[in-house]
Number of protein chains: 4
Amino acid sequence: MANLGFVGLGVMGSRMVKRLLDAGHNVTGYNRTQSKAQWLLDAGMKWAETPAAVSRAADFIFTMVTNTEALKAVTSGPDGILAGVGPGKIYIDMSTVSPAASREIAAQVAPKGAQMLDAPVSGSVSTLEEGKLSIMVGGDRAVCERARPVLEAIGPKVTYVGGNGLAVSMKIATNLSLAVQMLAFSEGVLLAEKSGIARATAVEVLLNSVIASPMVKYRGPFVLKMPDEAWFDVNMMQKDLLLALEMGRGLDVPLPTTAVTNEMLTTARAMGFADKDFAVLFETLAKMAGLKK
Amino acid sequence: MANLGFVGLGVMGSRMVKRLLDAGHNVTGYNRTQSKAQWLLDAGMKWAETPAAVSRAADFIFTMVTNTEALKAVTSGPDGILAGVGPGKIYIDMSTVSPAASREIAAQVAPKGAQMLDAPVSGSVSTLEEGKLSIMVGGDRAVCERARPVLEAIGPKVTYVGGNGLAVSMKIATNLSLAVQMLAFSEGVLLAEKSGIARATAVEVLLNSVIASPMVKYRGPFVLKMPDEAWFDVNMMQKDLLLALEMGRGLDVPLPTTAVTNEMLTTARAMGFADKDFAVLFETLAKMAGLKK
Amino acid sequence: MANLGFVGLGVMGSRMVKRLLDAGHNVTGYNRTQSKAQWLLDAGMKWAETPAAVSRAADFIFTMVTNTEALKAVTSGPDGILAGVGPGKIYIDMSTVSPAASREIAAQVAPKGAQMLDAPVSGSVSTLEEGKLSIMVGGDRAVCERARPVLEAIGPKVTYVGGNGLAVSMKIATNLSLAVQMLAFSEGVLLAEKSGIARATAVEVLLNSVIASPMVKYRGPFVLKMPDEAWFDVNMMQKDLLLALEMGRGLDVPLPTTAVTNEMLTTARAMGFADKDFAVLFETLAKMAGLKK
Amino acid sequence: MANLGFVGLGVMGSRMVKRLLDAGHNVTGYNRTQSKAQWLLDAGMKWAETPAAVSRAADFIFTMVTNTEALKAVTSGPDGILAGVGPGKIYIDMSTVSPAASREIAAQVAPKGAQMLDAPVSGSVSTLEEGKLSIMVGGDRAVCERARPVLEAIGPKVTYVGGNGLAVSMKIATNLSLAVQMLAFSEGVLLAEKSGIARATAVEVLLNSVIASPMVKYRGPFVLKMPDEAWFDVNMMQKDLLLALEMGRGLDVPLPTTAVTNEMLTTARAMGFADKDFAVLFETLAKMAGLKK
């Protein structure tokens, strides 16, 4: 069994650690607020006082944080992961961050004799808990293969995509469709509803049609009843669209549906929906269409 | 076995007739160009000289034509279907047309003692041939039940949606997502490709992700190799988006992603792609992004 | 002085007749509701019972109506203008209608030995009253020259644009910018206001900047105080954008800003602003941005 | 006469210095490449080796640089302007940069006993040379009044907008309309042209219409013949739109026309037009509409 380290024990990160512990690995963890990690300590995880201490203790170090800024915070400085990384270690970032930032960190890891992979995941908390998470991997292919057994303990489908940063690029390229599909779905439901079809009927028909992606199947029912807790909120979704738009500008790719959907996410935030699941795009459009809640 | 009539023996209509004949029904057919129907005549279909003659000969009369204008052409006038419709007959239009036009025709059918259903289908030629076509039905519920056995000979999944015109409304509300999803998918593929990921890899990852609707699974591979024949071309797709936009204006529903995608279909036509499968949205965006074919 | 006829005595049409009377012309007029024309009858206008009677009485016949349908209503049938048109007469439509419809009517006028011009105007009621209206003319150039003296009595700037229908095409191509400029102006005002700049200051700065078209100068102050009566309401503005979008599809011209602005006009209508001046785009966007009125 | 300092002697900055010299002021200047400043040295400007040296020598220090990064480069560090700023001095930045960055620098200037104004300009090189430039000022009002005489030597119209950063906010809120108006104008010209109206005629009519802002009057003729040198290129224009979009997200203001136009600027860059005047939006749309150059 391997010596693993994990920094970032939020909703996703903590459940990944649980799976790694369940698979028999030693895990040393760190989180900004220790209290949230108590259940993992109870389950056998060791605690470290800093990200640097995590990386000193482990052969494979994982991070799962909110955004590029948070990643820089846990990797840099005297207490950061980079300070503890050394020869032979593999550092695996599972966050969705700017591909350029990911490549920059990879370039700082290499001179220390270690290597970095970007390994963002596709799927939500429930996918993770069901053991069905997909993981995309960017970096050196041989390093990916060395990490594969550990990664498979988190999720069964590990796909090598290409060099450093390319897995997060692929993740971002995927995620823009989440928001766009949700908005287009909402346009359809509202057209049907204002035509005189019951909203529940419209949703049912759409969920049985050729447009029903897994995302649409998960979130379609949310237009009938929003969940109490967001699976992926408007702020998070917009963060990903902004990464896509930033990539589009850097690479000269026009992104018409992404740009339009992004403005609707801004509208959602202006209407007070920042912390709601991004399926609230439906309610945002419904308000624009003059429907009371 | 029922006496059926069928007007409009194009790609979809002719295969529907074949299924009806295979199920043991008597079918009388009409098409603008008779030669295309020869294989159906060989298979046992009877020929009628006008749409009116079809409706006189049959208890259930079907139409499957290109657009609202074509529907008006085959239903009105002394040779039209309405001229031959009488008490007890059921007229079923399977085309995707303006909901308002559909309701107008239903209102002309009723005084003759007959009744109309709008019954657009969801799925393509291959879905039809595999016997998996979904059919939505608008009109009187009891009439829908009377027609159900015949409709099920065409496709197994018959869903009653509501009053006259509502099934085409639902169809249009569904179809806008086809084009929008294809464009968003294309944005993702191009972002990935310009990042340095092979196009085939990008497509593979996306087809295994939560955005992979059946539509995306069908058409995703088209960005690697366009089919020789369009399944559903740019002109047809834009016709459906225009119906959606017309509905949106009439019902006060803003349709941001539909409107933007519609302009991209116009761009596709301007680039000479009018007759290509609408998956050519990818190539349209690729040209805008400076990629040579 | 010429014998003139005028059908459509609304806000614009009636003031045009007044200017023609003031210039010493004989004018025979018709309006759907006669009562609105009393002040013109008092000023010397003669009354006719039908559009056909107007065209029989006059050498130059004018129409100024709301849309394509209204134009067809006053030109066709036994009481329509075409029924009274004959050799040597000139029929001048000043409405903003579909270029195709305009050309169709021109084609019906020609066989009668008469000729048609489309002559839409640029400017509002106040421009008209100040005698500063611009008129664009489509049709035969020699016919335009024959009509010029009469047209100049309405507005001083008469520009020949090209063949039949091209003046309305030009008008529509102009008008799309009205709505788009208003929406972009609104985006700027809201950005400034939410930054902490007083709305009045923001408007003042913008009205003194390089983006201050005459339209922006007219309507910019409306974001501080909407006028009691619309100069050009949301319904009318959207009618013109729809004509533009219809032309764009027919001619293969993508219209990205027009399409997006059109959806915002739909949003305005859904919010209950259909009868407000289209400057209400500001308030529409302000509501989307979470601002209370 | 005042002791002035000027950092950033590009196309705009150098001409500003010339006007300040002509007005009798002492000016000490600095530019990354000294050779470009030779004509100003010949005209009496003194040279300093670093931005810090400029600010030590002057009572009013100006900067006019390309973007936020360039501004940080000339203000920070031991050679930066802040290093030379002291009690009683006024530092005036005339660049278009992020309002947040502007406020940050103002906050670093204050503790040194000096004060900062943001003073972006509205207008191009020719407006400047004609002595008609407008200047918006953000910062303390009394400081603005102290600087007014010097600013008026650059341009006659100096408008106080509000606190630090608000003048650049106002500038950005203005500039988004430049690009949007140009794109809407292009849509109109293409509609007219594909209708059969000569492009030159279409431009002429539009330049005489209510949509003819000073910007449209300057750049409208560019669709007939692009200038050899860009007045304001696609890269610069997109920089300003990105600042607007960044503000919109921070302040919760949806920017539908800005977002769509920004994607068209990306398309322009992808087509190879990055260094062309942003009027090249016309050619970008024309290519999308299938027109050969």
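Every chain is numbered from 1, with letters handed out A, B, ... down the list of sequences. As the structure is a prediction and not an experimental result, all values here were calculated from the model.
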> Side chain, backbone, both or neither: which part of A:A244 has a heavy atom under 4.5 Å from chain B?
Replying inline: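 Interface part for A:A244: both.
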>> For A:L176, which atoms come within 4.5 Å of any heavy atom of chain B: side chain, backbone, both, or neither?
In response: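 Only the side chain of A:L176 comes within 4.5 Å of chain B.
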Go through the atoms of [X] and report whether side chain, backbone, both or neither lie under 4.5 Å from a heavy atom of chain A.
| X | value |
| --- | --- |
| B:L178 | both |
| B:T261 | side chain |
| B:K217 | neither |
| B:A259 | neither |

Quick check for you: among [options], which has the greatest number of heavy-atom pairs under 4.5 Å with chain A?
| options | result |
| --- | --- |
| B:L255, B:V205, B:D252, B:V180 | B:L255 |
| B:A202, B:S134, B:G248 | B:A202 |
| B:A286, B:P256, B:A192 | B:P256 |

Based on non-hydrogen pairs under 4.5 Å, which of [options] is most in contact with chain B?
| options | value |
| --- | --- |
| A:V260, A:L251, A:V189 | A:L251 |
| A:G250, A:S209, A:P99, A:S195 | A:S195 |
| A:T258, A:T159, A:T127, A:T201 | A:T258 |
| A:G188, A:G290, A:S186 | A:G188 |

>> So does A:V97 get a backbone contact from the side chain of A:S95, meaning a donor-acceptor N/O pair under 3.5 Å?
In response: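 No, A:S95 side chain to A:V97 backbone: no donor-acceptor pair under 3.5 Å.
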> Is there a donor-acceptor pair under 3.5 Å between the side chain of A:R19 and the backbone N or O of A:R15?
Replying inline: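 No, because the side chain of A:R19 does not come within donor-acceptor range (under 3.5 Å) of the backbone of A:R15.
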Does some side-chain heavy atom of [Y] sit less than 4.5 Å from a side-chain heavy atom of [X]?
| X | Y | value |
| --- | --- | --- |
| A:V216 | A:L206 | no |
| A:D240 | A:M236 | no |
| B:N208 | A:K157 | yes |
| A:E193 | A:L291 | yes |

> Roughly how far apart are B:T68 OG1 and B:L243 CG, rounded to 0.5 Å?
Replying inline: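 Rounded to the nearest 0.5 Å, the OG1-CG separation comes to 5.5 Å.
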> Charged N to carboxylate O under 4.0 angstrom, B:R141 versus B:E145?
Replying inline: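 Not counted as a salt bridge, because no side-chain N and carboxylate O are separated by less than 4.0 Å.
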> Is B:E283 salt-bridged to B:K287, cutoff N-O under 4.0 Å?
Replying inline: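 Salt bridge between B:E283 and B:K287, a charged N being under 4.0 Å from a carboxylate O: no.
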>> Going by the rule side chain to side chain contact (heavy atoms under 4.5 Å, CB included), which residues pair with B:A289 if we only count those two or more places apart in sequence or in a different chain?
In response: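 Here the qualifying residues are A:P254, B:K194.
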> Shortest non-hydrogen contact from A:Q181 to A:S213?
Replying inline: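 Smallest interatomic distance, heavy atoms only, reads OE1-OG, 2.8 Å.
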> Taking non-hydrogen atoms and a cut-off under 4.5 angstrom, which of residues 167-175 of chain B neighbour chain A?
Replying inline: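 Under the 4.5 Å heavy-atom cut-off, B:S169, B:M170, B:A173, B:T174 qualify.
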> So, A:Y218 versus A:W231, ring centres under 6.0 angstrom or not?
Replying inline: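 Ring-ring flag for A:Y218/A:W231: true, centres closer than 6.0 Å.
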